[in-house]
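The structure appears right after this line, and notes come after that.
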Amino acid sequence: MKLTCDYLVTGAGAASLAFIDTLLTEIPSAKVILVDKNAAPGGHWVHDYDFVRLHQPSVLYGVASKQLEGNWLKCLVGRRTLPWKHRATKSEILQYFQSFVEEKVASGQLEYYPECQYDFSQPSGDCNMHRFASLDGSSEFNVQVKDKFVNGILGECQIPSQCPVQFKVHEEVHIVTPNQLYLSHHEGSQTKNEQYIVLGCGKTAMDTVVFLLRDMKICPDDISWVIPNDGWMICREGTGGPWTYFRALLAADGDKEKACVNLEAEGKYTRLDKDIMPAHFRFPVIGKEELKYMRVVSNIVRKGRVSSIAVKEGSIKVSFGKDEEPWILPPSSNDHVFIHCTSPGPFNGKEADELFVSDTEMCLFLLYAPPVSISLSVLAKLESARRQGTLDLDFGRKLLSARSPVQNGNVPSDNDVLRQLVRGFKFKGDTPSQLISIVTLAISLALIDEDPMVGYEWMKANRLSFFSIPGFKSGIVKDLAKLARDGTKLGFTEGDIRVFDLLQEKLKPLEGK
């Protein structure tokens with residue numbers, strides 16, 4: 001079957017849906033085809049464990065045109081919670097995304113093809129033809145794309161139910177996913193003589209420990225927690241947000257440990273054990289009650305990543321790296337249940353440096369720290385401004401010239417400007433890489449329109465953005481001044497510093513905002 005569209009998007013997760021929503025809001029006449037392997041929209045939420053819910057408030061998640069937290073009066077009266085404290089459950093999120101897709105399909109703006117797989121092996125060629133097929137092989141589709149193919153699965157969240165453990169496990173070892181744990185609890189199939197070993201240190205492991213203690217009422221002595229390395233956590237009740245870390249890093253002159261310790265002193269960050277310095281920070285948000293539950297587990301094994309789980313003469317041998325002694329669980333009348341929480345989640349090893357790949361292709365990836373939705377909404381805003389001819393291209397070319405004064409004489413196209421200036425978020429790396437979010441925010445505000453207030457007001461009106469929260473100050477001009485002043489010390493190049501100066505000058509109307 002032959003199809004035609006303006007944009008072909010693969011992947012119906014939170015990233016793609018946030019992008020599509022803003023794109024269709026900005027360009028109502030656009031036609032989008034959405035292809036996804038799942039039977040329902042929602043990405044990893046479709047397969048996630050049933051006790052999962054958002055880390056962050058619902059007010060900052062989803063799509064810009066539709067509230068996830070619902071009517072604020074109903075939140076206050078029906079749910080007895082403040083709107084900004086509402087954290088959606090799995091079922092609420094899936095219903096929300098399903099409703100959004102149905103609305104866009106009914107409007108004629110979107111064609112949705114679930115249980116289909118995009119063919120990445122087929123080159124699109126000069127005619128921009130693409131192909132996908134149903135998972136059962138019964139249907140094949142050829143798509144003529146007028147504008148761009150959009151890869152929305154680079155940041156795909158890898159979860160335990162869809163990603164088996166990456167180490168050898170003896171066949172006699174009882175290992176389950178959080179999904180299976182939830183099911184066995186609600187079916188009442190677990191026994192009273194079970195001891196639980198949680199594997200992993202991310203938010204899935206944290207949720208699982210809390211579920212064991214709070215919902216299943218398991219005694220803390222019957223829980224062991226294998227933590228490869230500790231991580232910093234954002235305090236849900238604190239005043240920290242996605243920009244907190246980068247500002248603290250900037251204030252600490254690039255010293256990551258100092259930045260996090262300072263944020264802990266301010267009540268914005270926390271850690272599981274005050275005596276152990278965390279080795280990483282991956283933006284989990286944790287509440288006081290959850291942290292209290294987590295801290296009652298005393299049997300914590302910190303030996304690094306598990307490399308194998310073997311059984312010998314009735315004992316269970318959990319091995320780690322070559323420099324660590326194995327952890328031995330002696331023969332016992334209790335059933336040892338290992339819970340697999342070791343999947344990488346959003347940290348799937350994939351990064352997308354270039355997002356505006358070409359005139360016919362783009363990739364969806366984070367621009368800023370989580371929550372994820374605003375990054376994709378901004379990408380759609382930039383793409384729609386490019387298509388509508390409202391980008392400040394002269395300023396964009398000026399930035400490129402400042403960064404690399406030696407030019408080849410060719411005038412960069414609108415997509416070239418976006419490709420070279422708008423870069424994906426870095427989860428790790430040197431200090432300049434870690435601070436790229438601040439620069440990307442400034443570039444986005446500067447490029448959306450010749451008048452920087454247009455970008456600012458758009459961000460302020462976007463429910464996914466922290467700018468929409470009353471009293472929030474972006475501090476972007478102040479941040480740029482610090483980057484320009486201390487850039488060399490932080491590891492930025494002279495070209496980078498020239499860019500910071502230009503951005504600071506253009507965004508001066510945003511000073512104090």
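Owing to the predicted nature of the structure, the values given are computational and were not obtained by experimental measurement. The residues of the chain are indexed from 1 along the displayed sequence.
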Considering all heavy atoms, the nearest [X]-[Y] contact:
| X | Y | answer |
| --- | --- | --- |
| Ile438 | Trp243 | N-CZ3, 4.2 Å |
| Gly254 | Thr431 | O-OG1, 3.6 Å |
| Ser377 | Thr22 | OG-OG1, 2.6 Å |
| Leu399 | Leu502 | CD2-CB, 3.8 Å |
| Ala442 | Leu507 | O-CD1, 3.7 Å |
| Pro284 | His55 | CA-ND1, 3.9 Å |

Neighbour count above 12 (heavy atom, 6.0 Å) for [X] [atom1]:
| X | atom1 | value |
| --- | --- | --- |
| Gln122 | CD | yes |
| Glu324 | CD | yes |
| Lys478 | NZ | no |
| Arg305 | CZ | no |
| Glu103 | CD | yes |
| Glu505 | CD | no |

Does some side-chain heavy atom of [Y] sit less than 4.5 Å from a side-chain heavy atom of [X]?
| X | Y | result |
| --- | --- | --- |
| Leu199 | Phe167 | yes |
| Met277 | Asp230 | no |
| Thr342 | Gln166 | no |
| Val59 | Ile469 | no |
| Tyr456 | Asp449 | no |

Taking NZ, NE, NH1 and NH2 as the nitrogens, is one of them in [X] or [Y] under 4.0 Å from a carboxylate oxygen of the other?
| X | Y | result |
| --- | --- | --- |
| Glu289 | Arg236 | no |
| Lys258 | Asp253 | no |
| Asp416 | Arg419 | yes |
| Lys398 | Asp394 | no |

Decide salt bridge (Lys or Arg N to Asp or Glu O under 4.0 Å) for Lys37 and Glu156; before the verdict, give the C-alpha distance in whole Å, the side-chain angles of both, and the deciding distance to 0.1 Å. CA-CA 12 Å; Lys37 64 183 179 182; Glu156 186 175 19; 3.0 Å; yes
Would a distance-only check, ignoring hydrogens and angles, find a side-chain to backbone donor-acceptor pair under 3.5 Å from [X] to [Y]?
| X | Y | answer |
| --- | --- | --- |
| Ser58 | Ala88 | yes |
| Asn38 | Ala40 | no |
| His44 | Ala14 | no |
| Arg463 | Val63 | yes |
| Ser343 | Cys163 | yes |
| Tyr96 | Lys66 | yes |
| Asp6 | Lys31 | yes |
| Glu361 | Ser358 | no |
| Asp501 | Arg498 | no |
| Thr25 | Asp21 | yes |

Say you draw a straight line from [atom1] of [X] to [atom2] of [Y]; how long is it, rounded to the nearest 0.5 Å?
| X | Y | atom1 | atom2 | result |
| --- | --- | --- | --- | --- |
| Leu60 | Ser373 | CG | OG | 8.5 Å |
| Met233 | Glu264 | CE | CD | 9.5 Å |
| Leu490 | Leu483 | CG | CG | 7.0 Å |
| Phe425 | Ser375 | CZ | OG | 8.5 Å |
| Lys460 | Lys513 | NZ | NZ | 6.5 Å |
| Leu272 | Cys201 | CG | SG | 10.5 Å |

Could you walk me through whether Ser433 and Asp430 satisfy the side chain to side chain donor-acceptor pair (under 3.5 Å) test, starting with their C-alpha distance in whole Å, then the side-chain angles of each, then the deciding distance to 0.1 Å, before giving a yes or no? CA-CA 5 Å; Ser433 297; Asp430 56 14; 2.7 Å; yes
We want to know whether [X] and [Y] form a side-chain donor-acceptor pair, criterion being a heavy-atom distance below 3.5 angstrom.
| X | Y | answer |
| --- | --- | --- |
| Ser161 | His47 | no |
| Tyr368 | Ser444 | yes |
| Thr204 | Asp207 | no |

Listed partners of Asp392 passing salt bridge (charged side-chain N to carboxylate O under 4.0 Å, His left out), at least two apart: Lys506
Could you walk me through whether Asp496 and Thr493 satisfy the side chain to side chain contact (heavy atoms under 4.5 Å, CB included) test, starting with their C-alpha distance in whole Å, then the side-chain angles of each, then the deciding distance to 0.1 Å, before giving a yes or no? CA-CA 5 Å; Asp496 291 330; Thr493 67; 3.0 Å; yes
Over 60° means perpendicular and under 30° means parallel, so tell me whether [X] and [Y] are parallel, tilted or perpendicular.
| X | Y | answer |
| --- | --- | --- |
| Tyr269 | Trp232 | tilted |
| Phe492 | Phe500 | perpendicular |
| Tyr118 | Phe120 | perpendicular |

Given Tyr113, which partner from the list Leu34, Ile33, Asp36 fulfils the side-chain contact (heavy atoms from CB on, under 4.5 Å) test?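 Only match with Tyr113 under side-chain contact (heavy atoms from CB on, under 4.5 Å): Ile33.
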Residue of the set Ile153, Ile20, Leu23, Asn151 for which side-chain contact (heavy atoms from CB on, under 4.5 Å) holds with Val9: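 Exactly one candidate clears the test, Ile20.
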List the residues meeting side chain to side chain contact (heavy atoms under 4.5 Å, CB included) with Arg386, not counting sequence neighbours, and say none if there are none.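 Here the qualifying residues are Tyr7, Asp147, Lys148, Glu383, Leu391, Asp414, Asn415, Leu418.
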When you look at Met362 and Leu355, which way does the side chain to side chain contact (heavy atoms under 4.5 Å, CB included) test go after all the steps? CA-CA 5 Å; Met362 66 183 297; Leu355 306 181; 5.6 Å; no
Please lay out, stage by stage, how His280 and Asn229 fare under the test side chain to side chain contact (heavy atoms under 4.5 Å, CB included). CA-CA 8 Å; His280 64 81; Asn229 47 69; 2.5 Å; yes
